[in-house]
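Data block below; observations after.
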Amino acid sequence: MENTLEKICAEALKEIEIAKNSESLKAVSVKYLGRKGIITQLLRSISSLPLKERPKAGEKANEIKRILEKAIKDASHRLESVAIESDDFIDVSLPGRSACPGSLHPVTQIMRQICDIFTRMGFDIAEGPEVESDYYNFEALNIPKYHPARDMQDTFYVSDNVVLRTHTSPIQVRVMEKCKPPVKIIAPGKVYRSDSDITHTPMFHQVEGLMVGENISFGDLKGILTNFVHLLFDDKTSLRFRPSFFPFTEPSAEVDILCVMCRGKGCRICSHTGWLEVLGSGMVHPAVFENVGYDTSQITGFAFGMGVERITMLKFGIDDIRKFFENDYRFLRQF
Ligand code: DAH
């Protein structure tokens with residue numbers, strides 16, 4: 001009896017070892033340990049043995065049963081981990097990975113808001129090239145060669161007479177060359193200056209505005225810009241027009257808005273002045289009209305220009321312009 005048991009045990013262990021998957025392992029288990037299994041039947045037959053052989057045979061049979069049970073359990077763990085490591089294993093109990101939808105860049109969002117506000121006021125959108133001639137970027141805008149105003153705009157030169165546009169103002173000239181007055185456009189786009197610190201990047205965005213026709217006055221400029229600021233921020237954000245200088249406008253004014261952080265009390269953002277500078281503006285200089293062949297005795301007009309990053313920083317309370325261009329997902333996902 002003992003010899004038979006040993007033999008059966010050895011055979012069973014071999015079958016367990018070569019089982020390729022949990023089904024064949026289960027079959028081995030049933031074959032030996034199932035209700036009608038070989039070991040189970042042997043255990044039952046012990047009662048028919050002579051009385052003195054029974055304890056030893058019983059002991060041996062139970063020992064082999066335990067050995068096989070353990071071997072089956074180990075093999076089952078082994079097969080399970082092989083299945084998990086293989087490519088076609090799908091663990092349906094794992095939580096799903098949610099999709100990560102993209103969103104518009106904060107500068108794009110504000111750019112669109114600005115364009116929306118002006119198009120609702122009847123402005124058309126005009127575009128122009130980012131690589132621009134010296135003529136459109138400077139000359140036609142009344143900024144002759146060696147004019148000190150060129151220093152205000154550290155220029156990237158492509159060649160002697162070709163630059164990366166330093167502002168979107170050349171678009172006003174391009175539009176006026178093509179269209180008779182009245183003209184009412186805004187020109188959004190990328191501009192380039194050789195400048196980099198926490199408030200300047202070599203590329204940034206501007207929106208230029210131009211309204212030309214009969215009897216266009218500084219009052220119209222104030223009205224349009226006041227309406228714009230009230231719609232972009234809120235109608236408690238008052239404006240201040242400060243005399244300034246731009247070669248392409250006369251008179252010129254810089255526009256400040258009441259500090260959106262402290263509401264005029266004075267804080268770090270507004271350098272304790274209560275006001276924030278947001279755009280440049282003025283009445284189009286007669287020299288610019290002459291350059292495009294407009295009759296300065298018939299028409300007048302105003303123009304303005306603003307930096308979109310600066311406005312976006314104020315809208316969202318961002319303190320470093322470089323964050324817009326670092327592509328840090330932790331920053332971008334907040335918008
Ligand atoms: N082009 C100016 C700049 O880049 C902004 C500007 C100021 C545009 C006054 C205008 C204006 O049209 O009238 O700094």
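One-based numbering, in listed order, for ligands and for the atoms of each.
Close approach to Phe246 involves these atoms of ligand 1, each under 4.0 Å from a residue heavy atom: 7 (C), 9 (C). Within ligand 1, counting atoms from 1 as listed, the ones closer than 4.0 Å to a heavy atom of Phe248 are 1 (N), 2 (C), 6 (C), 7 (C), 8 (C), 9 (C), 10 (C), 11 (C). Listed by number with element, the atoms of ligand 1 under 4.0 angstrom from any heavy atom of Gln172 are 12 (O). Every atom of ligand 1 is numbered from 1 in the order shown, and the set under 4.0 Å from a heavy atom of Gly282 is 13 (O). Residue Thr249 has at least one heavy-atom neighbour below 4.0 Å for each of these atoms of ligand 1: 13 (O).
Proximity annotation for atom 9 (C) of ligand 1: of Ser169, Gly280, Gly301, Gly280 comes nearest, heavy atoms only.
In terms of polar-atom proximity, defined here as any N/O pair under 3.5 Å, Ala303 does make such a contact with ligand 1.
At least one heavy atom of Gln206 sits less than 4.0 Å from an atom of ligand 1. Distances from ligand 1 to the non-hydrogen atoms of Phe302 include no value under 4.0 Å. Within the 4.0 Å heavy-atom cutoff, Arg193 counts among the residues contacting ligand 1.
Taking the centre and axis of the six-membered ring of Phe241, the NZ or CZ atom of Lys222 falls inside the cone set by 45° and 6.0 Å.
Taking 4.5 Å as the limit, every side-chain heavy atom of Thr166 sits out of range of all side-chain heavy atoms of Glu132. When side chains are defined from C-beta on, Tyr157 does not count as touching Val162, because their heavy atoms never get closer than 4.5 Å.
Salt bridge present: Glu15 and Lys31 bring a charged side-chain N and a carboxylate O closer than 4.0 Å. Ion pairing between Glu6 and Lys60 holds under the 4.0 Å rule for side-chain N and carboxylate O.
Met313 and Val191 fall into different hydrophobic clusters, where Ile, Leu, Val, Met, Phe, Trp and Tyr residues are linked whenever their side-chain heavy atoms come under 4.5 Å apart, directly or through other members.
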| Arg330 and Asp328: CA distance, side-chain angles, deciding distance, salt bridge (Lys or Arg N to Asp or Glu O under 4.0 Å) verdict | CA-CA 5 Å; Arg330 290 165 302 177; Asp328 186 332; 2.7 Å; yes
| request: Take Val207 and Met111 through the test side-chain contact (heavy atoms from CB on, under 4.5 Å) and record every step on the way to the result. | output: CA-CA 8 Å; Val207 174; Met111 179 75 113; 3.6 Å; yes
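With a 4.0 Å cut-off on non-hydrogen atoms, Glu208 touches ligand 1 through its side chain and not its backbone.
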